[in-house]
*Asks:* 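Below are the structure tokens for one structure; questions will follow.
This one's a predicted model, so the numbers in the text were calculated from it and none came from an experiment.
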Amino acid sequence: MIHIRKIFLIMTLLLSAIAANAESSYDIAAFYTVYKPESGTKAVGKMDRTIEVEYLLSPAKLDTGKYIVKVKKIGDNLYKIIDRDICIETRYCHEWASYSRKSS
């Protein structure tokens with residue numbers, strides 16, 4: 001129930017965004033809730049390979065629609081919405097996510 005409230009709050013905030021620096025459209029494969037595990041967390045992948053885990057992703061359902069968000073690339077076709085615990089998986093995204101620093 002807590003996660004549903006968090007997702008609802010996040011979606012409300014995303015929908016209320018008025019301006020964006022750039023706008024692009026992408027084919028979205030899935031949405032995930034992102035968890036940052038403690039340092040040293042490991043997982044077993046294909047072919048019994050042990051890997052250190054940086055992010056844990058759990059499937060999430062969001063309402064369809066147009067959202068304006070800022071993202072950070074965290075993996076191949078995976079982008080984390082900045083300041084949110086939501087991750088977007090894209091299909092065939094050939095652009096590099098980047099960031100800019102505002103000068104003071």
Side-chain angles (χ1 to χ4, degrees):
M1 186 67 163
I2 293 171
H3 294 295
I4 293 171
R5 288 182 186 169
K6 286 172 86 175
I7 291 172
F8 179 76
L9 176 62
I10 290 168
M11 298 315 303
T12 302
L13 292 171
L14 291 175
L15 290 172
S16 66
I18 297 173
N21 293 333
E23 186 176 328
S24 299
S25 296
Y26 300 96
D27 189 12
I28 304 298
F31 293 100
Y32 298 94
T33 301
V34 180
Y35 302 96
K36 182 102 170 136
E38 292 184 28
S39 178
T41 300
K42 294 191 177 193
V44 177
K46 292 186 178 191
M47 297 193 285
D48 298 328
R49 299 183 93 190
T50 303
I51 59 169
E52 189 164 340
V53 177
E54 187 170 350
Y55 297 101
L56 294 173
L57 308 177
S58 177
K61 293 189 179 201
L62 303 175
D63 293 332
T64 59
K66 181 178 179 178
Y67 298 95
I68 300 171
V69 296
K70 291 183 180 182
V71 297
K72 169 179 115 173
K73 185 172 183 159
I74 62 170
D76 188 30
N77 284 316
L78 288 172
Y79 300 88
K80 183 178 179 303
I81 298 175
I82 294 174
D83 297 329
R84 302 288 180 252
D85 60 352
I86 299 292
C87 177
I88 301 167
E89 180 180 14
T90 60
R91 289 189 182 104
Y92 315 113
C93 182
H94 299 292
E95 292 187 31
W96 289 91
S98 62
Y99 69 95
S100 61
R101 294 183 185 183
K102 293 182 180 180
S103 56
S104 348

*Asks:* Of all the heavy-atom pairs spanning Tyr67 and Thr64, show the shortest one and how long it is.
*Replies:*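 For Tyr67 and Thr64, the tightest heavy-atom pair comes out as OH-O, 4.2 Å.
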*Asks:* Using side-chain heavy atoms (C-beta onward) and a distance below 4.5 Å, is Val69 in contact with Ile86?
*Replies:*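 No, side chains not in contact.
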*Asks:* Please write out which residues are connected to Val53 in a hydrophobic cluster, directly or through intermediates, given that two of Ile, Leu, Val, Met, Phe, Trp, Tyr count as joined at side-chain heavy-atom separations below 4.5 angstrom.
*Replies:*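 Other cluster members: Tyr35, Leu56.
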*Asks:* Mind checking whether Glu54 and Lys36 have side chains closer than 4.5 Å, heavy atoms only?
*Replies:*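 Of all side-chain heavy-atom pairs linking Lys36 with Glu54, at least one is under 4.5 Å.
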*Asks:* Enter the distance from Glu89:CD to Asp76:CG here, rounded to the nearest 0.5 Å.
*Replies:*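 Going from CD on Glu89 over to CG on Asp76, the span is 9.0 Å.
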*Asks:* Not counting sequence neighbours, list each pair that qualifies as a side chain to side chain donor-acceptor pair (under 3.5 Å) and has a residue in residues 38-49.
*Replies:*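 Sorted pair list comes back empty.
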*Asks:* For residues Ile28 and Ile88, report the shortest heavy-atom separation together with the two atoms involved.
*Replies:*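 Nearest heavy atoms, Ile28 then Ile88: CD1-CG2, 3.3 Å.
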*Asks:* Give the other cluster members for Ile74, using side-chain heavy-atom distances under 4.5 Å between Ile, Leu, Val, Met, Phe, Trp and Tyr residues; answer none if it is isolated.
*Replies:*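 Its cluster partners, ordered by chain and number, are Tyr32, Val34, Tyr55, Leu57, Leu78.
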